[in-house]
K.L.:
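I am attaching a structure below and will ask some questions about it afterwards.
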Amino acid sequence: MVKRPHLGDWTDAVGLRRLQQAQLARTLEAATRSPFYRKLGLSPLEDMPLTTKQDLRDAYPFGMLAVDRSELATYHESSGSTGAPTASYYTAGDWLDLVDRYARKHVGIEPSDTFLVRTPYALMITGHLAHAAARSRGATVVPADNRSLATPYSTVVRLLHDLDVTVTWSLAADTLLWAAAAELAGLRDFPALRALFVGGDPLSPAKRSRIEQIWGVPVVEEYGATETGSLAGQCPYGRLHLWADRAIFEVLSGGRLLPAGRGQLVVTPLYREAMPLLRYNTEDEVEVSLGDCPCGWALPTVRILGRTAFAAGELTQVGVEELVFGLPAEYGVRFWRARPAGDRLIMQIEVGPEHAPAAAAALGEAVGAAYGIEAGIETMPPGSLVPLGLLTAGPELMKPRGLFAAGEDWDRALRYY
């Protein structure tokens, strides 16, 4: 089995580049066993075209497979948020790499931790990966799948409180929903909690600060995809670093592939057995920098900007989010949505009536100053964007059955939920 580097196996950019080139030859050789790349024809990496999400869709289900199917450990599919889902598969060796990368957080996972996993246990990799990484470090896992009616928000906050959960894994936005659900349940004391691990949605500095203020613990960011596993993790100084000792990263900007800058992130994983990927375009809008970081990691830093809403590409999820959570905390704005309407931005925010006029005025002014566009701000009372019933609903669980009591609802008799 190929030895994978640890963070201390290199100390500077030269050593990092040497490590990448040594493993790249093995990666290119592995790609020759993939029907997709064998048909495409292999060249040096710098001469290879991009591998696109559409390529992965066209290769469904096993057109990217580079090992015998008997060697596969798991099969996954992406969420399909930007189109038809893409297939991904991993060997047991691939899983060693996946788990190690996920567990590289500066806030470590310990045997004493109770780790609540609040991402899907489904075809996507996210819940399975966090579960496997936590178990590899000896932690107790609470599998609170966020796609199951058995664990609504009211159950999540009960588990957080009653089980003395110490670490969680979820979308950053989910932690705000927990806070609202906890308030409605009258739960305010979570002394065991020591960190919130988040990933899967853009995280602006202002949103991170607001979540940390609400929960009183650090927010530790992760970035990755079902097709690739973890691609970046946060250092002690709050910067997100690309795992460039495990993959080669490029930025597609203006039709050119560059080592840094703003554009779409392109990745070549270096320790992939089942499904080698060469110059895979994630289509994620990012900003990559090569400067030094106080943490000492000789790794590029990355800002995840999210999808662009305007053709000009200036307005991003993370940019608008920064303005929303830049509002004073006492306004209590947690939930919002926005969309372009011609040359204007239409926004809705949940805010109490006592702060609504000030919040609308401040946010409209902030959008105009940041982007030079007019924003129409609609204020809505709490419970409008996130229904209070969603935050207080109890578990709903049913196994398929045929016999019901008189008057019992039998319309979903054969569903399991």
Side-chain angles (χ1 to χ4, degrees), residues 74-82 84-85 114-135 139-188 190 192-193 196-201 211 214-215 222 225-226 334-337 350 380 382-417:
T74 60
Y75 170 91
H76 301 274
E77 291 184 2
S78 65
S79 63
S81 59
T82 59
T114 298
F115 192 121
L116 184 135
V117 178
R118 181 60 174 174
T119 57
Y121 280 81
L123 283 173
M124 290 167 281
I125 201 172
T126 171
H128 305 282
L129 177 52
H131 189 124
R135 286 300 307 126
T140 300
V141 176
V142 181
D145 184 350
N146 72 343
R147 306 310 302 160
S148 170
L149 294 175
T151 47
Y153 292 108
S154 62
T155 298
V156 170
V157 296
R158 174 180 61 78
L159 294 171
L160 288 170
H161 181 270
D162 294 354
L163 303 185
D164 291 329
V165 168
T166 57
V167 183
T168 66
W169 167 238
S170 70
L171 296 172
D174 225 22
T175 65
L176 296 170
L177 291 164
W178 303 346
E183 289 174 2
L184 290 172
L187 297 175
R188 296 177 177 82
F190 299 86
L193 192 66
L196 300 168
F197 294 168
V198 302
D201 56 344
I211 294 170
I214 290 171
W215 286 100
E222 171 93 5
T226 290
R334 294 177 183 169
F335 307 121
W336 65 279
R337 62 188 179 189
E350 276 194 8
M380 310 179 76
S384 301
L385 298 181
V386 180
L388 300 183
L390 178 68
L391 301 174
T392 58
E396 187 177 357
L397 180 65
M398 178 174 172
K399 295 181 179 179
R401 59 191 170 103
L403 185 61
F404 288 77
E408 188 178 0
D409 180 10
W410 66 356
D411 287 343
R412 292 187 284 181
L414 299 180
R415 301 183 191 180
Y416 193 157
Y417 58 89

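Quantities reported herein were computed from a predicted structural model and do not represent experimental measurements.
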K.L.:
Leu196 and side-chain contact (heavy atoms from CB on, under 4.5 Å): which single residue from Leu116, Thr168, Val167 fits?
P.N.:
Thr168

K.L.:
Can you list everything that forms a salt bridge (Lys or Arg N to Asp or Glu O under 4.0 Å) with Asp164? Sequence neighbours excluded, please.
P.N.:
none

K.L.:
What pair of heavy atoms forms the shortest contact from Ala393 to Pro152, and how long is it?
P.N.:
O-CG, 3.4 Å

K.L.:
Could you work out, with side-chain contact (heavy atoms from CB on, under 4.5 Å) as the rule, every residue matching Ala173, not counting sequence neighbours?
P.N.:
Asp201, Lys207

K.L.:
Is Trp215 reaching over with its side chain to a backbone N or O of Thr175, donor-acceptor style, under 3.5 angstrom?
P.N.:
yes

K.L.:
Restricting to side-chain contact (heavy atoms from CB on, under 4.5 Å), what partner residues turn up for Leu184, sequence neighbours left out?
P.N.:
Leu388, Leu391, Thr392

K.L.:
Quick one: salt bridge (Lys or Arg N to Asp or Glu O under 4.0 Å) pairs with a partner in residues 149-158, sequence neighbours left out?
P.N.:
none

K.L.:
When the side chains of residues 122-131 are checked against the rest of the protein, which donor-acceptor pairs come out under 3.5 Å, sequence neighbours left out?
P.N.:
unit_1, atom_1, unit_2, atom_2, d
Thr126, OG1, Thr119, OG1, 3.0
Thr126, OG1, Trp169, NE1, 3.1
His128, NE2, Ala122, N, 3.4
His128, NE2, Ala122, O, 2.8
His131, ND1, Tyr121, OH, 2.8

K.L.:
Rounded to the nearest 0.5 Å, what separates atom CG in Leu390 from atom OH in Tyr153?
P.N.:
5.5 Å

K.L.:
Return the minimal non-hydrogen interatomic distance between Glu77 and Pro85, and the atom names on each side.
P.N.:
OE1-CB, 4.0 Å

K.L.:
Could you tell me which non-hydrogen atom of Ala144 sits nearest to which non-hydrogen atom of Leu159, and how far apart they are?
P.N.:
CB-CD1, 4.5 Å

K.L.:
Determine yes or no for a side-chain-to-main-chain donor-acceptor pair under 3.5 angstrom, with Glu350 supplying the side chain and Phe335 the backbone.
P.N.:
no

K.L.:
Any non-hydrogen side-chain atom of Leu149 less than 4.5 Å from a side-chain atom of Pro395?
P.N.:
no

K.L.:
Quick check for you: to the nearest 0.5 Å, what is the distance between Asp411 atom CG and Phe404 atom CZ?
P.N.:
9.0 Å

K.L.:
Out of curiosity, Leu177 CG to Leu171 CG, how far, rounded to the nearest 0.5 Å?
P.N.:
9.5 Å

K.L.:
Of all the heavy-atom pairs spanning Val117 and Val141, show the shortest one and how long it is.
P.N.:
CG2-CG1, 4.0 Å

K.L.:
So, for Leu176 and Ile211, which heavy atoms are closest and what is the spacing to 0.1 Å?
P.N.:
CD2-CG1, 3.9 Å

K.L.:
Sorted by first residue and then second, give each salt bridge (Lys or Arg N to Asp or Glu O under 4.0 Å) pair with at least one member in residues 173-186; sequence neighbours left out.
P.N.:
Arg118-Asp174, Glu183-Arg334

K.L.:
What's the shortest heavy-atom distance between Phe190 and Val157, and which atoms?
P.N.:
CE2-O, 3.7 Å

